[in-house]
Amino acid sequence: MNTPTGKDLLEIGYKPGKAIGIAIALMESNYADLLKEEQLAILAQVLASPADYLEDAQLAALAEALLPPKQEEIIPLLDEARGYTIYGAAGIEAGALNQMNTAMRLPVSLAGALMPDAHQGYGLPIGGVLATKDAVIPYAVGVDIGCCMSMSLYAIDSAILNKQSEQLKRILLDNTRFGTATFKKPKDHAIMERPEFATIPIVKSLKDRAYSQLGSSGGGNHFVEFGVVELHDKDNEFGLPTGQYLAALSHSGSRGLGASIAGHYTKLAMESCRLPQEARHLAWLDLNTAEGQEYWLAMNLAGDYASACHHQIHGRLATALGEQPLAVVENHHNFAWKEKDAAGNEVIVHRKGATPAGQGVLGIIPGSMATPGFIVRGKGEANSLNSASHGAGRVMSRTKAKQTLTLPQVQLYLQEAGVEVIGSGLDEAPMVYKDIRQVMQSQQDLVEVVGTFTPKIVRMCGDEKYMEKD
DNA sequence: ATGTCC
């Protein structure tokens, strides 16, 4: 093939974006008989003075993509941000507040809130909650669409965590997959029969990889762990007596499927919804357009896929333990829902790193690998848009953690906490997270604690090579 | 978060 690649175009000064795709498509369809060098020379000329090519029969589309958007096409932000409630403001970095302020100046924004674990992300901060009218913002859902917490409680004496920790480690090794590893023979799941895999072209192209990644956990802050739950609330929804239970807790999302869906529709949104520079990642899709409806379907599929992965993870653990769980709690914390506002109007509530906490709704808020997590019951606080934090929140960046922490220091910390960790890196060490108890303190109005989970045997993505048995 | 780039 003579066609220049995206890399070639970047080398001659093209910026990442839709112009590259248009340029390659044009070269393929209209200039394929020229040498690659000749094609690149044409593309360089258009890049140098796109205005000269606006009337060109072949190159007009490329010229248009290269010119800055006309001023009148840019949707102005409101002069002042709409008001919103911040929980635990003292512990939230300025970058996250700035991003939330920008989000509250979008013309489609109706209401918002910032959770006490908030930190800077792409577009909406992580820990940001945003209600909009008839619009969905892919980057206010997040890249890992449908990222989930899931917990199973067992009628197994929690002493097993000390007495048979080697067996439990073996169970984690054999029944979970991290990083690029997947199961050699993925278990079938009804999710793969969903019509969206046939009807939405982008989703169709992701089906094979989605199948291969079923039941896997990925990387970053994702984990599967065993620990002990102390159930405090005698009126708990599980109908269980208070006391201690062996528990399995997992945190992971929609893997490559959701990431690719997020990337695809963010790009679409940014092309059709031009916003000032500081708000460009908050581009939305109108839910009354074909693209908006398609994203909604794809997002829901990714959410259900993430959930399916958790079901397989917990299913494998249950089989290995030889027991069925007494109770299961599960919630998304990167997602958008259609909900009603106080006046009864439908609004789109985006929670990007925030736990749904409507009245009586159960959820899980993890701490870190060596600090408690909580089974919580939402209080339905309107000012938080029925939301709570999705964890403790970082106090140290991944980069800083790798630069300042040492392996012996982290190992000692874990040893003193009585936690065994398979995999992971310094960037997920307990000290990179805020004090979860303080975070819970900041959201007393949002959730009540039903139970406390103490992690004991943790598996995360890491460099270490362990033997996995398929 | 992500076969971590179009």
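By convention in this document, chain letters (A, B, ...) are assigned in the order of the sequence lines, proteins followed by strands, and residues within each chain are numbered from 1.
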Legend entry - Donor-acceptor under 3.5 Å (A/S109 side chain, A/R105 main chain):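 Not at all, since once roles are kept as given, no pair shorter than 3.5 Å links the two residues.
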Inset, instruction - Return yes if some donor-acceptor pair links the side-chain N/O of A/T371 with the main-chain N/O of A/G367 below 3.5 Å, else return no. - result: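 No, the answer is negative, given that no donor and acceptor are paired below the 3.5 Å cut-off.
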Interatomic distance where [atom1] belongs to [X] and [atom2] belongs to [N] [whole Å]:
X	N	atom1	atom2	result
A/E28	B/dC6	CD	C1'	13 Å
A/Y139	B/dT2	OH	C1'	11 Å
A/L10	B/dC5	CG	P	11 Å
A/L206	B/dT2	CG	C1'	12 Å
A/E11	B/dC6	CD	P	16 Å
A/L66	B/dC6	CG	P	18 Å
A/F178	B/dT4	CZ	P	20 Å
A/K267	B/dC5	NZ	P	15 Å

Assign [X] to base, sugar-phosphate, or nothing according to its heavy-atom contacts below 4.0 angstrom with the strands shown.
X	value
A/G219	sugar-phosphate
A/K7	base
A/G21	nothing
A/G218	sugar-phosphate
A/R209	base
A/G253	nothing

Legend entry - Nucleotide nearest A/H222 when distance is taken to its side chain, options B/dG3, B/dT2, B/dC6: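 Within the option list, the nearest is B/dT2.
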Legend entry - Residue from A/L110, A/V108, A/L287, A/I348 passing side-chain contact (heavy atoms from CB on, under 4.5 Å) with A/K133: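 Going through A/L110, A/V108, A/L287, A/I348 one by one, the side-chain contact (heavy atoms from CB on, under 4.5 Å) with A/K133 is satisfied by A/L110 alone.
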Inset, instruction - Answer yes when A/R394 and A/E428 have at least one side-chain N-carboxylate O distance shorter than 4.0 Å, and no when they do not. - result: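 Salt bridge: yes.
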Inset, instruction - Say whether A/E278 and A/T102, considering side chains only, have a donor N or O and an acceptor N or O under 3.5 Å apart. - result: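 No donor-acceptor contact under 3.5 Å links the two side chains.
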